Amino acid sequence: MGRDSLTIKGPFDIRNSIESGQPLAFHADYGHKGSAFALSYSTSKGVIEAALKGKQLSYSWNGEYNSRSAREEMERRFRIKDNMPSIYERISTDEFMESAILAYNGMRVTQNDPWETTLCFILSQFNNIKRIRGSVRMLINTYGTEIEGSERKLFPSAEQIKGASIEELMKHGAGFRAKYIKHAANFCSGSLDLDSLYRKDYEDAKEAIMEIEGVGDKVADCIMLFAYNKMEAFPIDTWVKRVLETVYFKGRKKRIKELHQFASERWPGMEGYAQQYLFWHARSLKLRRKA
DNA sequence: ACCCAGGCGGGCG
DNA sequence: CGCCCGCATGGG
């Protein structure tokens, strides 16, 4: 148990950083008039609660955290050390990107736990953000370990999920993805060492994570970007596909492979950040087919 | 009622 | 390879 704070340098939009569908296991409370923002999240080690006021990010911890590991957790999750002006310089290639950056200035790509990200993004397939978050909350409350003196629980480990039946997982919001969750839990608590993927490059790590049944090209890219710090990952979901086709290809249908190629040439080494701004801006514009 | 959601694996040609 | 289909479920 403890409490500390750190000062954020550069633009930081905490609300859009966590609401933009990258971390899916957060609880958030909004302050009045947008002046403060409070959040909490469960990890495998404890619960972190944090609040942002101006440039001061204060936070508290419990469980196995100590002052040093809690600080590292915060800096990592929110990529506090990212140089946003330099990133914007690299992805600000056109008017659409400029307006996205203007609208969501300070939105960070967050870096989350590999198992958490794997579980959450398997749940994300053919699903919507609101319901994914509800399912994740249910899984935490059902399978996570209790923490003394806290209403929240730890994020359930692969071992704990492995102990659940497909029927139980289905009932707790996983739907048809339950069999994938089960397989991922078996795999990640057994032959696949998630920590070892940090030492692999993007291509090799992605190939390794795709051995999990239910993890295809898009989910693998999300895990690479949102957990393993691979900024060249460019997840292409329905929104990103649509916005790319609309903005850069005059509405013509393009294959996923071509769009990956396009992104890697346009935003080399920073595809992940470009993708997050494209995705979130496209959604805010409700850039649908029938809009 | 209807459509869609941060897709995927399997089956087909 | 590319294409097409079904899939649990609930929010808009």
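The shown structure was predicted, so the numbers you read here are calculated from the model rather than taken from an experiment. Proteins get letters first, then strands, A, B, ... in listed order; numbering begins at 1 in each.
Under the 4.5 Å side-chain heavy-atom criterion for grouping Ile, Leu, Val, Met, Phe, Trp and Tyr, A:M107 is connected to A:I129 within one hydrophobic cluster.
Geometrically, A:R283 does not engage A:W280 in a cation-pi contact defined by less than 6.0 Å to the ring centre and at most 45° from the axis. Geometric assessment of A:R133 against the ring of A:F26 yields a negative cation-pi assignment under the 6.0 Å and 45° thresholds.
A salt bridge does not link A:E167 to A:K171: none of the charged side-chain nitrogens sits closer than 4.0 Å to a carboxylate oxygen.
Distances from the side chain of A:R131 to the nucleotides C:dT9, C:dC7, C:dG12 place C:dT9 closest. If you check C:dA8, C:dG11, B:dG7 against the side chain of A:Q125, the one that comes closest is B:dG7. Distance from the side chain of A:R255 is smallest for C:dG2 among the nucleotides B:dC8, C:dG2, C:dG10.
A:S20 and A:Q276 form a side-chain donor-acceptor contact under 3.5 Å, judged by distance and modelled atom types alone.
Here A:R177 does not reach the OP1 or OP2 of B:dG9: none of its side-chain N or O atoms lies under 4.0 Å away. Look at A:K179 and you won't find any side-chain N or O under 4.0 angstrom from OP1 or OP2 of B:dC8.
In terms of position on DNA chain B, the residue among A:C222 and A:G214 whose nearest nucleotide sits closer to the 5' end is A:C222.
Residue ring and base: A:F126 counts as stacked with B:dG7 (centre distance below 5.5 Å, interplanar angle below 30°).
Applying a 4.0 Å cut-off to non-hydrogen atoms, none of the residues of residues 105-117 of chain A approaches DNA chain C.
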